[in-house]
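Here is the structure we will look at, set down as structure tokens.
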Amino acid sequence: MVATGRKQLPRALELFLQGLTAPSMVCSAITAAIYKKYVLVSLIHTGAVAALPKFTSVKVRQLPDLPDAKPYAELAAGYSSKSRDRLARVAEQHAAAFNADGNAGLVKQVLASLPVRTIQRLTQTYLTLSLADIARAAGLAGPPEAEAVILRMVARRQVFARINDRDGMVTFMQDPE
């Protein structure tokens, strides 16, 4: 949990995976909570939930099928659809479950990470794109919101881009290092 709070997501995933793959004969409430956080942090960090390793206990492998984990499986499916509206609907539909589990903050981060991931995908396809096109593709409200997201991504070095304010065009660049 500390690694998640400090935004050390690769480390958090590693620790959650250790908790999930620890030998066990039954699935405890702690293991279920770890799985839920593993799903959310995986979506934030990688954009998908990786399958559990083969050496994971059979009981732990059955976690995604349990009713308690259903909201998290639906959230992952909504994320993989790449539709911000569908993801928001799933998050709203299961808000009570996420709040009860204490994961509402992580769900908000999952919602915020989808446009970022969409923009990162656009950089692999296009060299230049208008802010309006980026906003449309990422499901953002409009060019000003797209510009704000891109500026945050540039500051975090998640993407390398230059924005031409005159014509509202974004030029994506390679990592300068």
Side-chain angles (χ1 to χ4, degrees), residues 1-125 137-140 149 152-159 175 177:
M1 287 304 303
V2 173
T4 304
R6 296 182 74 196
K7 303 288 187 208
Q8 297 171 342
L9 301 181
R11 177 73 175 143
L13 281 174
E14 178 185 330
L15 293 171
F16 290 144
L17 199 54
Q18 285 179 3
L20 290 171
T21 57
S24 62
M25 298 303 274
V26 294
C27 196
S28 69
I30 294 171
T31 308
I34 290 171
Y35 177 75
K36 293 171 184 179
K37 291 191 186 321
Y38 173 75
V39 168
L40 296 174
V41 173
S42 292
L43 291 174
I44 294 166
H45 183 62
T46 64
V49 180
L52 294 172
K54 290 182 181 181
F55 56 84
T56 305
S57 164
V58 172
K59 293 294 183 183
V60 174
R61 284 176 163 267
Q62 294 170 347
L63 264 174
D65 302 328
L66 295 178
D68 274 1
K70 184 180 179 202
Y72 296 88
E74 289 182 15
L75 190 73
Y79 197 99
S80 66
S81 75
K82 298 174 180 64
S83 167
R84 191 172 187 194
D85 293 335
R86 180 174 176 206
L87 183 63
R89 259 194 322 274
V90 170
E92 186 178 316
Q93 179 183 358
H94 297 294
F98 298 137
N99 285 326
D101 292 337
N103 290 329
L106 284 173
V107 171
K108 287 180 184 177
Q109 290 180 44
V110 168
L111 290 169
S113 73
L114 184 62
V116 170
R117 186 117 6 247
T118 301
I119 292 170
Q120 285 175 331
R121 263 195 320 275
L122 291 173
T123 66
Q124 296 170 0
T125 307
L140 300 171
V149 170
R152 266 195 312 264
M153 291 175 70
V154 168
R156 294 178 183 154
R157 301 182 63 81
Q158 293 174 316
V159 71
D175 184 352
E177 295 173 356

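These numbers were taken from a predicted model, which means no experiment stands behind them.
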Residue pair [X] / [Y]: nearest heavy atoms and the distance that separates them:
| X | Y | result |
| --- | --- | --- |
| A104 | N99 | CB-OD1, 2.9 Å |
| T118 | A137 | CG2-O, 3.5 Å |
| R157 | D175 | NH2-OD1, 4.0 Å |
| Y79 | L87 | N-CD1, 3.7 Å |

Starting at [atom1] of [X], measure out to [atom2] of [Y] and round the result to the nearest 0.5 Å.
| X | Y | atom1 | atom2 | answer |
| --- | --- | --- | --- | --- |
| K108 | L106 | NZ | CG | 11.0 Å |
| L63 | L20 | CG | CG | 7.0 Å |
| T4 | Q109 | OG1 | CD | 9.0 Å |
| H45 | K7 | NE2 | NZ | 13.0 Å |
| T31 | Y38 | OG1 | OH | 14.5 Å |
| I34 | L17 | CD1 | CG | 10.5 Å |

Can K36 and L40 be said to form a side-chain contact (heavy atoms from CB on, under 4.5 Å), step by step? CA-CA 6 Å; K36 293 171 184 179; L40 296 174; 5.6 Å; no

I'd like to check [X] versus [Y] (side-chain heavy atoms, cut-off strictly below 4.5 Å). Are they in contact?
| X | Y | answer |
| --- | --- | --- |
| V116 | I119 | no |
| V39 | L75 | no |
| R61 | K54 | yes |
| R121 | K82 | yes |

Can you sort out the partners of F98 under ring-ring contact (aromatic ring centres under 6.0 Å, His included), two or more places apart, ordered by chain and number? Y72

Between R89 and E92, is a salt bridge (charged side-chain N to carboxylate O under 4.0 Å, His left out) present by the stated rule, with each step listed? CA-CA 5 Å; R89 259 194 322 274; E92 186 178 316; over 6 Å; no

Can you name the one residue among V110, L15, L13, V49 that meets side chain to side chain contact (heavy atoms under 4.5 Å, CB included) with V41?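 Exactly one pass, corresponding to L13.
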
Has S57 got a side-chain atom pairing as donor or acceptor with S24's backbone, closer than 3.5 angstrom?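 Yes.
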
With no hydrogens and no angle check, is any side-chain donor or acceptor of R84 less than 3.5 Å from a backbone partner on L111? no

Q120 atom CD: more than 12 heavy-atom contacts under 6.0 Å: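 It does: Q120 CD has more than 12 such atoms within range.
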
Any ring pair (Phe, Tyr, Trp, His ring centres under 6.0 Å) pairs touching residues 1-37, not counting sequence neighbours? none

